2 protein chains.
Amino acid sequence: MSGFDVGGRLRALRIERDLSQRELAKRANVTNSTISLIEQNSVSPSVSSLKKILDALPVSISEFFAGEPSQEEPKVFYRAEELTDIGDGQLSWRLIGARRPGRSMSILHERYPPGADTGETMLEHDGEEGGVIVSGTIELTVGNEVQQLGTGDAYYFDSRLPHRFRNVGDRECVIVSANTPPSFSDGGDACHHV
Amino acid sequence: MSGFDVGGRLRALRIERDLSQRELAKRANVTNSTISLIEQNSVSPSVSSLKKILDALPVSISEFFAGEPSQEEPKVFYRAEELTDIGDGQLSWRLIGARRPGRSMSILHERYPPGADTGETMLEHDGEEGGVIVSGTIELTVGNEVQQLGTGDAYYFDSRLPHRFRNVGDRECVIVSANTPPSFSDGGDACHHV
DNA sequence: GGTCCTTGTTCAAGATCCTGGACACATGAT
DNA sequence: ATCATGTGTCCAGGATCTTGAACAAGGACC
């Protein structure tokens, strides 16, 4: 789930340099226990501790995490469970892929529980947005128009027009949407449950 | 000293996305206090916390630390206080620059207190090494030969020959040395104080 | 002026990490 | 065999990080 095996990588680097836990610990000014626990992923070290240890190897922090996915080549396929959820518990907003320089769009998998509402104060921000209602129904207000959209319906508008999403039904509503430019956190597409 | 302003970078990323501490906290499943304290560098977060927060931005950990020095352009100048010390308290071994792929040498600034000794079991490892005695005297054994080297003297040998350093004088001995390939921790250039 | 909301900071209590010392298991020397 | 040394793991206590709730400062609105 974490997506990065801190302990395993540290152990690999240590073995590579033919150091014992105690030897490395001495150079890093930590104890051997610390290194043992970290290598077993029994604890998640503080970055200050991790830095002390890496300095003693020596390996820079950026080198250490360089193997992290999602950086080099743009990812193409995403499993449902690896989408980062930026919701608040009630609401679920899953972003398809991390925001990445060079990407001109943000795609979201949104789930509005009954009663969910983006708020009375209308949203306004730069860019454009569009989406498809996958299941359930949603009340969408754009400018002066209010529409009830159901499964299979869709929308597309200039985000500078004041807009608001509201699930007035009694079932969950699922939407897949896209925004451009990629600022899903455009000053308040936050959602309030009422 | 740390060389990387975690708090400042986090704050910059958050502001960039126009999020409040509370908003980000909610998405990351941490509290606003945590983010406040981290941003002020009042604490050094655990990597698990940091990862939760970065996931909510979303920014990958490697991106976060990508600004770290010592990665992109090779560093050229090093202040004495920024050399990483890999000694054990008694002994001081300062490495000139972090080990870096593409570097074929490790350069060390070594300080042997009186009585310091690399141990009776001779060191043997791949590569070559050479150095200059900057001050004090050192007894260097290489193969069958034993030599007393003083200030200004120097040495160079194939590291596969068994070798040993010993400070038999009563003053500290300072040496600047170079190893190739860059594996200063080659199975035991560790130093024991006797 | 009020009141309301949002912002960032601070503080005690709880959770997690880190330490220092044990422990069990190896290997090599006597 | 018994030491002696080196390895990684485990455990109580202390140090550090994280939480939840308070606080003060700044708008917005009436």
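What you see is a predicted model; the values in this text were computed from it and never measured. Every chain is numbered from 1 and lettered A, B, ... according to where its sequence line falls, protein lines coming before strand lines.
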Once you round it to whole Å, what is the distance between [atom2] of [N] and [atom1] of [X]?
| X | N | atom1 | atom2 | answer |
| --- | --- | --- | --- | --- |
| A:Asn41 | C:dC17 | CG | P | 11 Å |
| B:Glu23 | C:dT7 | CD | C1' | 12 Å |
| A:Leu50 | D:dC17 | CG | P | 14 Å |
| B:Ile15 | C:dT6 | CD1 | C1' | 14 Å |
| B:Arg11 | C:dT7 | CZ | P | 14 Å |
| A:Asn29 | C:dC17 | CG | P | 21 Å |
| A:Ile53 | C:dC18 | CD1 | C1' | 10 Å |
| A:Leu24 | C:dT19 | CG | P | 12 Å |

Residues of residues 30-39 of chain A with any non-hydrogen atom less than 4.0 angstrom from an atom of DNA chain D: list those, numerically ordered, please.
A:Asn32, A:Ser33, A:Ser36
Which dot-bracket notation, 5' to 3', represents the base pairing of DNA chain D when pairs are defined as Watson-Crick or G-U with both distances under 3.5 Å, crossing pairs as [ ], and inter-strand pairs as |?
|||||||||||||.||.|||||||||||||
Using only atom types and a distance under 3.5 Å, with no angle test, would you say the side chain of [X] pairs donor to acceptor with the backbone of [Y]?
| X | Y | answer |
| --- | --- | --- |
| A:Ser44 | B:Ser48 | yes |
| B:Gln40 | B:Ser36 | yes |
| A:Asn32 | A:Gln21 | no |
| B:Arg14 | B:Leu19 | yes |
| A:Asn167 | A:Gly115 | no |

When you check the side-chain N and O atoms of B:Ser49 and B:Ser46, is any donor under 3.5 Å from an acceptor?
yes
Side chains of B:Thr31 and B:Thr34: do they bring a donor and an acceptor to under 3.5 Å?
yes
Taking the side chain of B:Val43 as its heavy atoms from C-beta onward, which of D:dT18, D:dT7, C:dG8 lies nearest to it?
D:dT18
A:Gln21 has its side chain closest, among C:dC17, C:dT7, D:dG8, to D:dG8
pair B:Thr141-B:Glu139: side-chain heavy atoms closer than 4.5 Å
yes
Just call it for A:Ser48: base, sugar-phosphate, or nothing, with non-hydrogen atoms closer than 4.0 Å on any strand.
nothing
Go through the N and O atoms of the side chain of A:Arg22 and the base of D:dG8, and report whether any donor-acceptor pair is under 3.5 Å.
yes
Row check, A:Phe4 ring normal vs A:Arg9 NZ/CZ: under 6.0 Å, within 45°
no
Closer to the 5' end of DNA chain C via nearest nucleotide, is it B:Ser46 or B:Arg14?
B:Arg14
